[in-house]
Amino acid sequence: MQPILQVRKLGKQYRVRGFSRMNPTLGDAVVKAAKSSFRRHNGNTKGNDELLWVLKDVSFEVLPGEVVGIIGRNGAGKSTLLKILSRIIKPTTGEADIFGRVGSLLEIGTGFHPELTGRENVYLNGAIIGMRREEIKRNFDEIVAFAEVERFIETPVKYYSSGMYVRLAFAVAAHFEPEILILDEVLAVGDAAFREKCLEKMREVSRGGRTVFYVSHDLTSVQQLCGRALLIEGGRLREDGEPSMVISEYLRTISSPEGLPVI
Amino acid sequence: MEMRDVTMPKVPAPSLSRFPRKPAIKIRASQSPVISQLKDAWAHRELLYFLIWRDLKVRYRQTLLGAGWVILQPLLTTIVFTVFLSMLVRVPSDGLPYPLFAYAGLLPWMFFSNSVSTSTYSLTSNSYIITKVYFPRLIIPAAIVGVRLVDFIVASVVLIGLMLGYGVSVTSGILLLPLLVAEMALFSLAISWWFSVLNVKYRDIGTLLPVLIQLWMFISPVIYPSSLVPIRWRPIYSLNPISGMLEAFRASLFGLPFDWTGLAISAVVTVVLFAYFIYVFCRWEEHLIDIL
């Protein structure tokens with residue numbers, strides 16, 4: 001079987017500026033240019049900057065239909081990896097080949113505008129996450145039914161309760177059907193009843209034969225939903241394999257006294 | 001998308017080493033070729049439509065004034081300039097009634113200046129979306145220019161009213177109008193793309209912006225005819241593409257003689273800058289995301 005996703009030595013490096021500002025102003029740039037014309041290049045011009053590898057040498061392959069859990073501590077590099085696979089940021093080194101459409105749900109309700117109605121926001125948000133217009137149209141009634149906001153679909157969302165808002169946002173995301181789905185567990189939102197509905201939908205998606213990346217801190221759900229797990233630690237891929245093995249390795253590293261550096 | 005003729009990547013897994021299918025998405029550390037970024041932007045044209053539609057819906061729904069402002073902005077400005085530059089100080093206006101002259105200059109000028117002003121902040125103020133979802137960022141300033149184009153068309157209703165009111169008849173020059181509007185859109189796009197990435201890199205561009213726009217307006221024949229400019233300064237004056245475009249805009253509407261040299265210069269500069277700034281945007285965008 002051909003892999004649907006192939007990652008080769010992916011790395012991301014950030015430059016952390018020592019003492020100078022993160023976003024230089026034009027004034028800074030002018031001053032810097034003037035200063036450097038006086039200072040001779042003794043190899044120390046970038047002395048204040050620190051280079052940080054937040055992701056290094058990550059390589060793996062995923063076959064179609066695999067449900068892969070991604071676990072690791074905060075700051076380990078999980079979201080950087082996801083952002084690179086979602087094309088939000090570019091890697092510093094390495095490459096990835098993806099043989100299908102990627103849907104990345106790192107957050108719900110992206111682009112929702114308070115002045116627009118529920119209907120309008122469904123179309124807008126759908127378009128932003130990557131759904132095509134006929135896809136949205138086709139799924140529209142189901143989306144509204146799932147969110148349980150039929151009565152209010154023509155009202156501007158600024159009048160929605162926070163519960164209605166997240167339900168609608170999640171409903172749009174839930175009906176997005178790319179070949180590869182990247183799900184962040186924080187998507188399961190709302191009250192307990194709806195959270196359960198979200199998790200059930202995620203289980204349904206995982207069982208449906210779609211390739212899924214599931215980022216989570218909830219190790220039980222990773223164990224239940226995923227056929228494979230990746231442990232990201234200190235920017236590197238530490239473990240790649242069967243979930244219970246990877247999870248126990250993860251638990252071992254976090255309980256050991258010499259914790260690995262976290263960004 | 002480009003398909004490079006390189007040796008097969010060294011894959012750790014022994015099972016798969018031949019990939020006959022071309023990947024739908026190639027993620028590389030190196031700079032994406034501009035062509036593939038443009039193709040990607042074209043593939044997302046539906047989203048461009050949605051972004052324009054969103055801004056228009058919000059504007060025309062929010063307040064009566066919201067829609068009215070599109071007309072009031074050039075209209076009120078015209079009234080002010082008419083009082084000061086026609087009644088108090090007699091500025092010539094190519095033989096046309098001054099209000100008509102000024103409105104016909106302010107309308108396209110505001111299309112350009114509003115596009116650039118809003119686009120400058122478009123990437124930084126939309127960072128919360130850009131860092132969460134991927135889509136070609138080229139379409140963000142493009143959506144803004146699209147919205148301003150619609151505003152331009154709406155506000156030109158007043159222009160038609162003024163022309164009728166002053167009894168100005170239309171000549172064959174009007175056929176050039178769609179091309180001129182297209183040229184203005186291209187130039188607005190070019191400058192918008194440039195300023196939007198500049199503002200991400202140097203956040204104080206936003207503070208320089210009002211001054212820049214103001215100066216630009218005064219060096220362009222918006223509220224005065226370019227015939228006021230001394231002959232020896234005319235070549236440099238024409239380097240500003242807005243000059244050629246505005247004069248041609250008025251010429252095509254009111255049947256005045258065309259300044260073909262000025263128009264040609266503006267067209268060439270517009271096309272060159274359009275190509276250059278698309279290139280700049282595509283090159284910078286991929287790195288700027290890290291500092292957004």
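Because only heavy atoms are used, hydrogens play no part in the values below, and waters and symmetry mates are left out as well, while side chains stay in. Here the structure is a predicted model, which is why all the values come from computation and not from measurement. To find a chain, count down the sequence lines: A is the first, B the second, and so on, and within it residues start at 1.
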Practice task
Any salt bridge (charged side-chain N to carboxylate O under 4.0 Å, His left out) involving residues 119-131 of chain B? Give me the pairs, sequence neighbours left out, ordered by first then second residue.
Solution key: none
Just list the side-chain donor-acceptor pairs under 3.5 Å for residues 173-183 of chain A, sequence neighbours left out, or say none.
| residue | atom | partner | partner atom | Å |
| --- | --- | --- | --- | --- |
| A:His175 | ND1 | A:Ala171 | O | 2.8 |
| A:His175 | NE2 | A:Glu142 | OE1 | 3.2 |
| A:Glu179 | OE1 | A:Arg101 | N | 2.8 |

Practice task
Please flag which part of A:Ile84 lies under 4.5 Å from any non-hydrogen atom of chain B: side chain, backbone, both or neither.
Solution key: both
Exercise for the section: Evaluate the side-chain proximity of A:Lys90 to B:Ser32: yes if any heavy-atom separation is below 4.5 Å, no if none is. Expected result: yes
Handout entry: Residue part contacting chain A, namely of B:Leu198, when any heavy atom lies under 4.5 Å
Key = neither
Completion exercise
The side chain to side chain contact (heavy atoms under 4.5 Å, CB included) partners of A:Thr155 (sequence neighbours excluded) come to A:Phe152, A:Tyr159, A:Tyr160
Practice task
Could you tell me which residues in residues 114-124 of chain A have at least one non-hydrogen atom under 4.5 Å from a non-hydrogen atom of chain B, sorted by residue number?
Solution key: A:Glu115, A:Leu116, A:Thr117, A:Glu120, A:Tyr123, A:Leu124
Handout entry: Other residues, nucleotides, ligands: >12 heavy atoms within 6.0 Å of B:Ile236 CD1
Key = no
Practice task
Evaluate whether atom CH2 of B:Trp53 has more than 12 neighbouring non-hydrogen atoms of other residues, nucleotides or ligands under 6.0 angstrom away.
Solution key: yes
Problem - Rounded distance [0.5 Å steps], OG in A:Ser86 versus NZ in B:Lys132 - result: 11.0 Å
Problem - Donor-acceptor contact present, side-chain A:Glu95 to main-chain B:Ala29, <3.5 Å - result: no
Exercise for the section: State, to 0.1 Å, how close B:Arg28 and A:Asp97 come at their nearest heavy-atom pair, and which atoms those are. Expected result: NH2-OD1, 2.8 Å
Handout entry: Distance, nearest 0.5 Å, that separates CZ of B:Phe135 from OG1 of A:Thr110
Key = 9.5 Å
Handout entry: Contact summary for A:Gly100 and B:Ala24, nearest pair of heavy atoms
Key = N-CB, 3.6 Å
Fill in the blank from the handout: All heavy atoms of B:Val133 vs all of A:Ile128, minimum pair found to be CG1-O, 3.2 Å
Exercise for the section: Evaluate the side-chain proximity of B:Ile25 to A:Val102: yes if any heavy-atom separation is below 4.5 Å, no if none is. Expected result: yes
Handout entry: More than 12 heavy atoms of other groups within 6.0 Å of A:Lys9 NZ
Key = no
Exercise for the section: Please tell me if the side chains of A:Arg133 and B:Leu47 come closer than 4.5 Å, counting only heavy atoms from C-beta onward. Expected result: no
Practice task
Please round to the nearest 0.5 Å and tell me the distance separating atom CZ of A:Phe99 and atom NZ of B:Lys26.
Solution key: 9.0 Å
Exercise for the section: Determine, for B:Asp290 against A:Lys12, whether the closest basic-nitrogen to carboxylate-oxygen distance falls under 4.0 angstrom. Expected result: yes
Practice task
Could you tell me the separation between the OG1 atom of B:Thr131 and the CD1 atom of A:Ile89, rounded to the nearest 0.5 Å?
Solution key: 10.0 Å
Completion exercise
Distance col, row A:Arg132:CZ vs B:Glu46:CD, nearest 0.5 angstrom, shows 8.0 Å
Practice task
Can you see which heavy atom on B:Phe50 is nearest to which on A:Ala127, and at what distance?
Solution key: CD1-CB, 3.4 Å
